[in-house]
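Reading through the structure tokens given below for one structure.
Please read all numbers here as calculations on a predicted model, not as lab measurements. In listed order, ligands and their atoms are each counted from 1. All residue numbers in this chain count up from 1 along the given sequence.
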Amino acid sequence: MKIKAKLFLGIGLLFTMIVLLTAIGSIYINKLSADTKNILVANYNTLDYSRQMLIALNDDGFTNTSIAKFENNLQKQQHNITEPGEQQLTDQLTINFNKLKTNPADTTLLATVHSNLTDIMLLNMQAIERKSAVAKKTADDATLWIALAGTFCFLIAFVLLVNLPGNIANPVKELTESIKEIAAQNYSKRVHFEKNNEFGDLANAFNTMAQKLEEYKTSNIEKLMMEKKRIETLISNIKDPVIGLDAKKHILFMNDVALKITGLKAEDTIGKQIQDVAVNNDLIRSLIQDLFAATNETANTKHEPIKIYADNKESYFEKQVVPINITPTGEKEEKFIGNVILLQNITPFKELDFAKTNFIATVSHELKTPISSIKMSLQLLENEQIGNVNEEQKNLLGSIKDDANRLLKITGELLNMTQVESGHIQMAVAATDVNEIVNYAVNANKAAAEQKNIRLEVSVPAALPQVLADEEKTAWVLTNLISNAIRYSYDNAVVYISVKHDAGKFEFTVTDKGQGIPPQYKEKIFDRYFRVPGTKKEGTGLGLSISKEFIEAQGGTIYVESDFGAGSSFTIILNAFTV
Ligand code: ADP
């Protein structure tokens with residue numbers, strides 16, 4: 001039975017019984033009061049009237065007052081006839097009294113009136129006795145019925161008291177326990193109320209919910225495992241080495257290629273601290289240098305390619321250390337969860353680069369000889385002893401000479417560049433006279449300066465110590481800087497070449513008042529093949545990058561300061577020679 005119906009029935013029954021009890025009580029009380037009233041009104045009054053009439057009769061002398069008293073009570077009695085036979089007795093009394101009134105001395109008549117009065121009193125006494133018996137029975141019935149209804153009420157209340165609290169509280173308790181189990185993720189918990197009531201429905205609903213949660217949990221774990229497997233397969237199938245680390249630098253995964261190039265085994269690495277693995281592995285040590293560097297290098301920092309000898313061949317890899325940050329569910333702040341070290345195999349590009357460098361080196365080398373012989377032939381042609389050339393021919397020879405010089409410069413730059421790229425720069429650093437370098441560079445640019453009517457203003461202090469430099473390469477760099485200053489200056493300008501010596505350092509500066517360099521390109525101009533966009537002058541974009549390599553290879557530095565639109569100033573810093 002449903003709890004609602006049970007409560008309804010129990011409390012309803014109790015309520016009905018209370019109503020019934022009240023009704024029975026009030027009915028019997030009414031009945032009793034009616035019975036008493038009956039006795040009072042009907043019989044008691046008659047007895048009272050009769051007594052008053054007897055007193056009036058027994059008064060001394062049959063006076064007018066006693067007659068009036070008798071008549072008054074007789075009148076009342078005439079209106080209080082309730083018992084069968086009482087009317088005739090009252091009528092006889094009235095007749096006999098009237099006779100007695102006319103003949104007061106008649107004692108027989110007086111005795112008859114007395115007898116009439118006692119008969120009426122007897123009749124009413126008997127009636128009182130009868131009615132008392134009826135009232136007693138009513139009281140007994142009332143007691144019985146009230147006792148029965150009360151007992152029934154008590155029984156119902158008792159049954160409710162014993163059963164109802166347990167009936168409601170026990171399932172609630174069991175349900176609370178089960179909910180706690182579910183909250184603790186024990187989704188296999190079920191409740192069993194073998195009752196066909198609201199708790200039965202609640203148990204069914206609860207069990208369905210628990211089953212669904214269980215299904216959801218298992219399906220989610222399965223899904224997660226599937227996703228994990230998929231990602232693991234994906235990582236192990238990546239052709240490039242990948243190493244994953246957690247926030248505390250434990251190795252989370254290393255794909256097959258990473259294991260292969262490091263010569264490690266999965267069981268010796270996974271879950272281990274990467275520093276511990278690095279102790280016995282040079283490659284891992286070089287890979288994690290940035291992770292432990294004081295300056296925290298950020299993601300995607302470019303590094304020099306790493307050369308690794310594996311599988312009987314040399315391979316080149318570019319390293320990237322990517323920090324992984326996630327925003328956990330429900331949070332706003334990003335959280336660092338680890339790093340991924342990616343090694344991109346750039347061996348095919350490196351091979352192509354080698355091939356390109358070799359090709360350029362061969363071509364430039366092969367071009368150098370014919371260009372030199374063209375220059376030699378031009379010198380012979382300019383010699384008047386060989387023969388006279390007219391003005392037009394002279395001009396033509398001049399432009400052939402310019403082109404040959406330009407070609408020679410380009411092939412020279414390309415050759416230098418191939419040396420730099422292949423890492424074969426041969427440096428002959430030695431104590432060198434500063435003037436030698438400056439004079440060489442200024443003389444090499446004299447003709448070009450004259451062509452644009454540019455004055456080269458050289459300022460070199462007297463009695464300078466020697467500089468520690470590769471004379472040829474440094475002269476080449478200075479020549480290149482002066483050549484740039486001339487090319488990027490306006491006609492009739494001045495180019496300043498100065499040398500300073502201070503605190504064991506030499507500072508060579510070439511300053512021009514040309515167009516200057518836009519600030520965003522100040523660093524880029526030292527990159528290979530880079531030219532400021534919109535540069536109209538001829539050039540390869542190689543001069544400054546080779547200069548930087550040559551100077552840095554000698555332990556020096558080169559930089560530019562430029563006021564865009566007002567000119568540039570290139571500075572080389574080299575060490576002074578000390579004994
Ligand atoms: P190139 O001069 O052959 O183009 P460089 O490597 O010598 O190559 O120079 C790279 C670029 O830097 C040039 O293309 C030019 O845009 C810019 N540059 C170099 N020197 C100067 C200078 N003195 N004034 C203005 N721009 C310059």
[atom]: nearest protein contact (heavy atom, Å):
| atom | value |
| --- | --- |
| atom 23 (N) of ligand 1 | D512 OD2, 2.9 Å |
| atom 5 (P) of ligand 1 | L544 N, 3.7 Å |
| atom 3 (O) of ligand 1 | T540 N, 3.0 Å |
| atom 26 (N) of ligand 1 | I517 CG1, 3.5 Å |
| atom 7 (O) of ligand 1 | N484 ND2, 2.8 Å |
| atom 27 (C) of ligand 1 | Y488 CD1, 3.6 Å |

In ligand 1, which numbered atoms sit nearer than 4.0 Å to a non-hydrogen atom of [X]?
| X | value |
| --- | --- |
| L542 | 6 (O), 8 (O) |
| G516 | 25 (C) |
| R531 | 1 (P), 4 (O), 14 (O) |

Determine, stepwise, if the pair F530 / Y521 fulfils ring pair (Phe, Tyr, Trp, His ring centres under 6.0 Å).
CA-CA 9 Å; F530 180 83; Y521 300 125; 5.5 Å; yes
Between F506 and H501, how do the two ring planes meet: parallel, tilted or perpendicular, split at 30° and 60°?
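Because their plane-to-plane angle lies in the 30° to 60° range, the rings of F506 and H501 count as tilted.
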Is the shortest distance from a Lys or Arg side-chain nitrogen in [X] or [Y] to a carboxylate oxygen in the other one below 4.0 Å?
| X | Y | answer |
| --- | --- | --- |
| K228 | E232 | yes |
| K265 | E267 | no |
| R528 | E421 | yes |
| E227 | K223 | no |

Below 4.0 Å from ligand 1: does a non-hydrogen atom of [X] turn up there or not?
| X | result |
| --- | --- |
| Y521 | no |
| F530 | yes |
| G541 | yes |

Would you mind telling me if ligand 1 is within reach of the side chain of [X], the backbone, both or neither, using heavy atoms under 4.0 Å?
| X | value |
| --- | --- |
| R487 | side chain |
| V532 | both |
| T535 | side chain |

Has E472 got more than 12 heavy atoms of other residues, nucleotides or ligands less than 6.0 Å from its CD?
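Atom CD in E472 is not packed in, count stays at 12 or less.
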Hey, is NZ on K522 packed in by over 12 heavy atoms from elsewhere, all under 6.0 Å?
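Enclosed.
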Looking at N186 and E181, what are the two nearest heavy atoms and their distance?
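That closest heavy-atom pairing would be ND2-OE1, 2.6 Å.
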Give me the atom names and distance for the closest heavy-atom approach of Y216 to S219.
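Nearest pair, atom of Y216 first, then S219: O-OG, 2.9 Å.
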From atom 12 (O) of ligand 1, work out which of N480, V560, I525, D527 has a heavy atom at the shortest distance.
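Looking at heavy atoms only, I525 sits closest to atom 12 (O) of ligand 1.
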